[in-house]
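Below is one structure, written out as C-alpha cells; the observations come after it.
Numbering of ligands and ligand atoms starts at 1, following listing order. Note that the structure is predicted; figures quoted are calculated from it, not measured.
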Amino acid sequence: MTEIVIRGGRVIDPGAGTDEVRDLLVRDGSIADAATVSEGAVVVDATGLVVGPGFVDVHSHVNTIAGQRLQAFDGVTTALDLEIGLMPVAVALQRAAEEGRPLNYGYSASWAAARGLVLAGVEPVPDLAGVLALMGNEHWQASSSPVQRDRWLDLLSGELADGALGIGVPIGYTPRAEPSEFLHVARLAGANGVPVFAHVRNLIEADPDVLVDGADEVTAAAAETGVAMHYCHVNSTSGRHVERALGTIHAAVAAGSRVTYEAYPYGTACTGIGAAFLAPERLHVWGLKPHNLVLLPSGERIADAARLREVRAATPGALCLIEILDESDPSDRALLEGTFADPGTIVASDALPVTFTDGTRDTRQWPLPEGATHPRTAGTFAKALRRFVRETGSWDWPEAFRRCSYLPARLLDAHAPAARRKGHLGIGADADVVVLDPERVTDQATVLASTAPSHGVRHLLVNGEPVIRDGELLPDAYPGRALRS
Ligand SMILES: [Zn+2]
C-alpha cells in the first residue's frame, strides 16, 4: 500500500465547494480519508501552498511525452484531444499505453481523419500531423456526397465503439462542407450518447460569404438534436466578435440547450498554414495580412502573398502563429480577458506538439532540446492563474479550480464514467493532484521562448504517483492512463 499525505496545505475541492487548511491523503492512487493516515506514509509538506485537483485539459493536441511534461509544469494531470481527435483511436490508445504517458490521455473520434480517408483517399495516422497535412487538400475541403457521408459516419461509429470520447468536428477548416454534414454528425453523437467538440465556421460578421454562421450552426444543432455541444476556443474563432458568439451561446443555454465553451488566454492563434481560412484571398476576413503569420519552428514572418502561396503549397501542415488579437492593445486585451470573466468559460490550452530543430516531435530527454511551439502549450493554465487570480483578482482560488479542473471533467461524466472521479478531491476520487505556490505561479513561455516551462507547480501527482516533486520532473514517471467512453 502506498500512502502519501500532503500536509497542511490550503486544500480546494471544487466538487464539495470547500477551501480549508487541512491534510490530503492519497492511498493506492485515490483520495482517502485523512483521518486514516498510516504510520510510514510519505509526508509532503504543503504549508503555504495551494492543493487542488489537477487541471483537466479538454483541448490538448500534444499526445507526446515532451508536450505532456510541459503541460505537467502547467498543472495539467489529464490532457485530452477532443477537438480534432485521433484515428484509428484504438491504435492511438495502444501506442500511448506502450510508450507511457506522464499524464492521463484520451481522444475523440476524428471526423477530419475519417473524411480524409473517404474524400481524399488518405489513410489515417494517429497523429495530429496527419490532419494538419489534410488541411490544404481540396478534396478534403469539399462537401461530402450522401454516399461519402454515410461511409465516414460508419467509420466514426466504429471509433466510438473503440473508446473515442465524443466526436471532434473542426468544420471551420472545410468551409464548403454542406451544413447538413454537421447535423448528421450531431445525430450520430446523439445516438451514441456522446458530445460533439466543434471548431466552428467563421462568424457572419467577419465573413458574409460563410455558408452558415459558426455560432448559429452549433447552437441550432444543439437545439434540434438535444446533443451536448462543446464550442472550442471561443476566443480564437471569434476574433473581435467574441461578445456576440458568447451571446448566441448564452441564448442557447437559456433555452435549454447543452452548450459549453472554452478559451485560451492568448491573442495569437496557431494552426497548419494550409488551412482554407489562411489563403491570401481569405486573410481579410480576420483583418490579417501575410506578415501577421509566423512559421514554426523557423520563426519566418511571411513576407507577402506570393510567399504565403509558396509555403502553403510546399508544406501545408507546417504550424504557423496567427496574430489575431494584439495583447498590447488595451481594447484587444479587454476582449480576450473579458472572455474569462464569463462564468461559463472553461480554460483549455489547444496545446500543440513541440517541433524540435531536427524536425522530430517527441523525446524523453529533459530538459527539452531546442524546439518551438505556441506558448499556450506550456503556459495556458499558469497564465490564467497569474492574470485572473494574482494580477486582476477576478477569480479566487476555488473559481480557478472550477474553471480548470471541475467544469472540464464534467463534460465527460455522462459517457466516460471514469471522469466522475476527476476534477474534484472527494473520497475515492483519482489522486490527480496539483500543489502550487500561490505567490509564484506564472507562465514563462513566450513566442521567442515557447517551451519554457511554467513556474510554481511544486508537486504533481497523477493517479497517486508523483510526476513533479519539489519542482523537479521525475523522468521515470509514466502514470498516465487512458480515459475512454
Ligand atoms: Zn481549433
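Using a 4.5 Å heavy-atom threshold, the side chains of Thr451 and Thr373 count as touching.
For residue His59, no N/O/S atom approaches the Zn ion (ligand 1) to within less than 2.8 Å. The Zn ion (ligand 1) has an N, O or S atom of His233 closer than 2.8 Å.
When distances from the Zn ion (ligand 1) to the N, O or S atoms of Glu83 are compared, OE2 comes out shortest. Atom ND1 is the N, O or S atom of His199 at the shortest distance from the Zn ion (ligand 1).
Using modelled atom types, one finds a donor on one side chain and an acceptor on the other under 3.5 Å when comparing His199 with His233. Using a 3.5 Å distance cut-off with no hydrogens or angles, the side chains of Asp443 and Ser454 do not pair a donor with an acceptor.
Applying the salt bridge (charged side-chain N to carboxylate O under 4.0 Å, His left out) definition to pairs two or more places apart or across chains, those involving residues 263-285 are Asp207-Arg282.
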